[in-house]
Amino acid sequence: MRKWFVALALVAAAVPAASAAQLRTVTLSRQLEDEDEVRVSVEYGAGRFTVRPMDTGLLYRMNLEYDEDRYEPVADYSAHRLHVGVESIRGGIRGRDAEGGRLDLELARGVPMDLDLEFGAVRANVDLGGLALTRLELSTGASESIIDVSEPSPASMELARFEVGAAEFTARHLGNLNAERIEVDAGVGSLTLWLDGEWRRDARVGIDMGLGALELRVPEGLGLQLRKDSFLTSLDSEGLVKRGDTYQSLNWANATRKVTVDLDAAFGSVKVVWVRE
Amino acid sequence: MSASRLANVVLALGLSACIAPFSIRAQVREVVSKEVSVGRSEASLALEFRGGDRLEIGFEDGSVLVDGESVGTYVTGDALDATWRALLGQAVALDDGPLAAALADWSVPSELTGDAATAARAIDQALESALRSTNVQAQVGDGSVSLGDPGSLLRLLLREPERLRLLGDALSGIDDDVRVYVAEDAVVAADETVEGDLIVIDGDARIEGDIEGDVVVVGGELELLEGSSVGGSVRLADARLVRNLGVVDGELVDVEDGVQLDVDEDVRLELREEIRAELREELRSEGPAFLSPFRSLAGSVADIMGHLVAVLVLGLVGAAVIAFAGDRVEVIADTARRAPGRSAAVGMAGAILLIPAWVIGFVALLVSIVGIPVAIVWLPAFPIAACVAALVGYLAVARNAGEWLADSDLPWTQWIRKSNSLITMVGGLLGLSVLFMVSHVVSILPFLGFLNRLLVVAGVVLTVVAIQIGFGAVILTRGGRKRDYARYTSDEAWEAAMNVDVGGVDDAPPAPGATVPDKGGGHA
């Protein structure tokens, strides 16, 4: 449901701003202490949003540009919980008239981290490579998002969850998450999931898609099994063999690592593209 | 250790600081977190140090603030503002050690003069005292001496010899185990215990933890925060106790005046003054006590007037509704009268289902994609429509109530004329709010609080029931378009037209000379 509200925020954001935004710049950082595990939650309504790892002895560093008449920055850290982002001063729909806003966040590499990213109408470029993620929850509204896990995570996680509203969403190197289960809940839009990266165990990927196009980019060495429960959804199953209710890659029986994709789609198209490693 | 010995040590340290400045190593403190904020009219820096203490320096709306206290002024874009923003520009790129060093090394630019230079010096001093941690460990028992600035002690001794005398007086009887701070503030955290004495010279002391010995403050301010304790005595020499929320086992002595302060008496005086101030404020807001009965009367009259104004406003709304949709109001009112139970049930069900219907409608429109623009209109339009329906329904019920009052023999109802829908409606509105008005009258009288509350509850119940019936009638009639529940049987139509009871027509003719009460027209 949340994605629909975020989609609504996008519509509201399309209303031209009554006056030019007065941007304020804030830089925040915190030293890395002896954290066992940190819970990080990031909230950002609209603008440009980037996340990347760093090795500077800091827990985080955040550069933020925002409309000071409408928003205020948030940076709370207590009891190993970090909450950063912006909040609306007067309430209302977050993200409206946030043209020109920007949030650049750097997070400490190697610190066990429970990460919750929530952003609305943004252009997001998120690199989670090298972060020791123990849990990941990413929720995006009407955005153009690229999520990359450029390096393998030194930690393992049970579940990585992506909730996508009306968006153009690309996730790369999902194998590097080292997740047992990945869930993608998509509303409307275009979804590209790269199942490359370093899979250190067999995994399951659940995709629940409303209306849109899904492209699964699968490295040739990976064993893929696709179970589809769909309505009015086309499937371009190149390189897959249908066995009963499932589609399996030719190397399924012998593959070192196997990924099972459970697809629940309403309207749209699904395409499987094999890529060389 | 005697006072003279300690003074000698302190003096020796000060002299050694001047003669051999390199023997004292200035260290910068660890900066745990930083926040640099730069906007159109504000530019601020907030630092948090290991141990939890913070420093905040901000240029906000023309004021230069250090930890919330104004130390000067600036104009956006002037030399001071530009200097500060340049420093923040450096701070953005640095963290921890390099950041602390850069800030601590900052000095007042020579181009700044006058008030700008004064404010800049205050910033410099704040940064220095917050960031520098120059610890000189003297072998004086288990104690230590901390110098905020290596040259500060000598300056202190040369400039203010009077302080020496006060220091000597204050230190009499101090034990060996002593912690001395010179020209810097001392902070004793909540979980910290100083086993000996604490001496602060030319600085402030902020104590949240425990001091087992004495506390001596020379030329500064002392804050004893809640939960703090001092096992010995507190001695102030040219110093001030700005807050005393802790426990002092010993005496509180002002060395300069040679007087012992009575803490309890001080607190009592403060409390007494606060109570007096509150009483004064209360009396000022309420006025003299002998006016209280008149205030009650005035309040009740005001409440009654408020209700009358509300009735007037509703009457005006009713006039508009009758003018533009009189026929529909007739249908709604007839339905409410003919089927009040069904209307109330439908109204209650409608009220319960309002929010689900609102949400489901919104979601359904969203899902349909093409309905998204309609969904945006739906969000405000649906609740507004529901409120309008409830209001029109209430007005229709008020009209019925007005007719009932017109037919009744109740006093003060003769002015209600059924021939005039508006007057009938206003009469009904007054009738529906009469319980509230009576409650306001009752509230003037003493000892009738229970009756007053009872009347208010009854009034609320009556209003809610009227709204439920009216709202249900609006739903049943689809906004006054369907007459399914507003139709009369032929007898009822005849009765309504003639405004007589025809129930006994078949049984017995009306008595000769019987008159028909007539206050106006009936139902067509």
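In the text below, chain A, chain B and the rest are named by the order of the sequence lines, each starting its count at 1.
Residue B:Ser37 holds its OG atom at 11.0 Å from CD of A:Glu72, rounded to the nearest 0.5 Å. Taking CZ of A:Arg30 as the start and NZ of B:Lys34 as the end, the distance is 13.0 Å to the nearest 0.5 Å. Distance OG1/A:Thr27 to CG/B:Leu45: 10.5 Å, rounded to 0.5 Å.
Within 6.0 Å of CZ in A:Arg161 there are more than 12 heavy atoms belonging to other residues, nucleotides or ligands. A 6.0 Å sphere centred on CG of B:Leu353 holds more than 12 heavy atoms belonging to other residues, nucleotides or ligands. Within a 6.0 Å radius of CG in B:Asp115, other residues, nucleotides and ligands contribute 12 heavy atoms or fewer. Within a 6.0 Å sphere centred on NZ of A:Lys228, heavy atoms belonging to other residues, nucleotides or ligands number more than 12. Taking a 6.0 Å sphere around CD of B:Gln125, one finds it holds 12 or fewer heavy atoms contributed by other residues, nucleotides or ligands. The 12-atom threshold is exceeded at CE of A:Met54, counting heavy atoms of other residues, nucleotides or ligands nearer than 6.0 Å. Heavy atoms of other residues, nucleotides or ligands lying less than 6.0 angstrom from CZ of B:Arg85 number more than 12.
Residues B:Ser33 and A:Gln31 are not in side-chain contact: their nearest non-hydrogen atoms beyond the backbone lie 4.5 Å or more apart. The shortest distance between side-chain heavy atoms of B:Glu35 and A:Val26 falls below 4.5 Å.
For the residue pair B:Val32 and A:Glu33, the shortest heavy atom distance occurs at CG1-OE2, 3.8 Å.
Among the residues in residues 103-112 of chain A, none has a non-hydrogen atom closer than 4.5 angstrom to a non-hydrogen atom of chain B.
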